[in-house]
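So you know, we letter chains A, B, ... as the sequences are listed, proteins then strands, and number each from 1. In what follows, every heavy atom counts, from backbone to side chain, and hydrogens, waters and symmetry copies are set aside.
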Amino acid sequence: MALMTNGIEYHGEALDRAAQQHLVEVIRALVAEAPLYVPVMPGTGQPMSVRMTNCGPLGWVTDKAHGYRYQETHPVTGKAWPAMPAELLALWERFSGYHKPPQACLVNFYADDARMGLHQDRDEEDLQAPVVSISLGNACLFRVGGLTRRDRTASMRLSSGDVVVLGGEGRLAFHGVDRIYPGTSTLLKNGGRINLTLRRVHR
DNA sequence: GAGTGGCG
DNA sequence: CGCA
């Protein structure tokens, strides 16, 4: 039974070690085809501390000139994103409860000193579809708030293999990653954390 | 159309 | 650094 916090679902230890290891291999192959890049904030061009890539028909990107958006191609290579792996489609089936498939999987790599400021996922046209988030590697301190930036927030630790679903009331909840806990997982040999977020973009 | 800290 |  999923735990609810601020409208979001938390599935602790949803993926066993073997499944996590397999996902890491899948991600490695994906990164070989679609290299990680450093996203920058619109307007200011300030780099984010995470590195990212995508798979699926669409990928979430941002740059100084055009801001947040989904597009069909990698911003550096210009190539189409790698296909969505079957393993990720299966996780969407298991956790989303949604009848249409995901169109993007954003892959975020957090070094041990990376963070993600409080934000909403609202660049998708289909806000009925949830966002399914999978944690791999070192644990993090995840913070979730409400529908406005000023709403009170709650913090929770996310560990490798945990799955969070932002859907329903929690679909537009502000959320972010305050810190990574170094040395809390042996899944990634070089430390850090991987977060996968599966999204449906278009209705 | 800007935006994923900053303050004490 | 802790807080929110």
Side-chain angles (χ1 to χ4, degrees), chain A residues 3-8 10 27 31 34-56 58-71 74-76 81 102-127 129-159 162-167 169-184 192-202:
Chain A
L3 185 75
M4 298 291 294
T5 302
N6 286 28
I8 62 121
Y10 169 74
I27 298 309
V31 168
L36 295 170
Y37 59 95
V38 178
V40 302
M41 301 294 300
T44 64
Q46 184 188 38
M48 298 183 179
S49 59
V50 300
R51 295 186 298 157
M52 60 178 55
T53 188
N54 291 268
C55 62
L58 293 170
W60 186 90
V61 299
T62 170
D63 59 34
K64 179 170 174 160
H66 303 102
Y68 306 158
R69 65 196 187 276
Y70 284 92
Q71 66 179 36
H74 190 289
V76 176
W81 301 106
Q103 292 172 308
C105 179
L106 176 58
V107 180
N108 282 328
F109 276 71
Y110 291 78
D112 283 336
D113 62 352
R115 301 185 308 171
M116 178 81 69
L118 214 57
H119 68 281
Q120 290 173 302
D121 287 4
R122 59 172 191 187
D123 300 312
E124 302 76 28
E125 178 189 7
D126 188 349
L127 293 177
V131 172
V132 175
S133 163
I134 299 134
S135 294
L136 297 169
N138 282 339
C140 76
L141 183 62
F142 182 73
R143 180 148 61 116
V144 55
L147 297 182
T148 80
R149 194 172 283 282
R150 303 177 318 180
D151 287 333
R152 74 179 337 157
T153 60
S155 293
M156 56 192 299
R157 184 185 176 106
L158 297 184
S159 298
D162 290 354
V163 172
V164 166
V165 180
L166 294 101
E169 296 289 306
R171 176 61 181 78
L172 289 175
F174 274 86
H175 60 284
V177 173
D178 280 353
R179 68 165 299 194
I180 304 295
Y181 296 107
T184 50
R193 170 177 183 262
I194 298 174
N195 182 248
L196 309 174
T197 45
L198 294 161
R199 299 122 182 270
R200 176 79 194 178
V201 179
H202 298 303

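Both key distances under 3.5 Å define a Watson-Crick or G-U pair, and stretches of 3 or more such consecutive pairs in DNA chain B run B:6-8 with C:1-3.
Look at CG on A:Asp63: it is 15 Å from P on B:dG1, rounded to the nearest Å. When rounded to the nearest whole Å, the span between CG of A:Asp121 and C1' of B:dG3 equals 13 Å. Atom C1' of nucleotide B:dA2 and atom NE2 of A:His66 are separated by 14 Å, given to the nearest angstrom. If you measure from atom CZ of A:Arg152 to atom C1' of C:dA4, you get 10 Å, rounded to the nearest angstrom. The interatomic distance linking A:Tyr70 (OH) with B:dG3 (P) rounds to 19 Å, in whole Å. Distance, A:Arg115 CZ to C:dC1 C1': 12 Å, rounded to whole Å. Taking atom OH of residue A:Tyr181 and atom P of nucleotide C:dC1, one finds them 13 Å apart after rounding to whole Å. We find that NE2 of A:His175 is positioned 13 Å from P of B:dG5, with the value rounded to whole Å.
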Run A:Asp112 and A:Asn138 through side-chain contact (heavy atoms from CB on, under 4.5 Å) and show every step you take. CA-CA 8 Å; A:Asp112 283 336; A:Asn138 282 339; 3.0 Å; yes
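Because its NZ or CZ atom is not both nearer than 6.0 Å to the ring centre of A:Phe174 and within 45° of the ring axis, A:Arg149 does not count as a cation-pi partner of that residue. Judged by the 6.0 Å distance and 45° axis criteria, A:Arg157 is positioned over the aromatic ring of A:Tyr181.
Counted by atom type alone, A:Asn195 and A:Tyr110 present zero donor-acceptor pairs between their side chains at under 3.5 Å. Checked by atom type, the side-chain pair A:Arg69/A:Thr62 shows no donor-acceptor distance below 3.5 Å. Checked by atom type, the side-chain pair A:Glu124/A:Tyr70 shows a donor-acceptor distance below 3.5 Å. Between A:Trp60 and A:Asp123, the side chains place a donor N or O and an acceptor N or O closer than 3.5 Å (distance only, hydrogens not considered).
Among the heavy atoms of the strands, none lies under 4.0 Å from A:Asp151. Counting non-hydrogen atoms under 4.0 angstrom, A:Arg149 reaches the backbone sugars and phosphates but no base.
Heavy-atom distances under 4.0 Å link DNA chain C to no residue of residues 35-48 of chain A.
Between A:Tyr37 and A:His74, the ring planes are perpendicular. Angles over 60° get that label, and only those under 30° would be called parallel.
Between the side chain of A:Arg122 and the base of B:dG3, no donor-acceptor pair under 3.5 Å is found.
Taking the C1' atom of each, C:dG2 and B:dG5 are spaced 14 Å apart, rounded to whole Å.
Classification of A:Asp121 and A:Arg199 as a salt-bridged pair holds, one side-chain N sitting under 4.0 Å from a carboxylate O.
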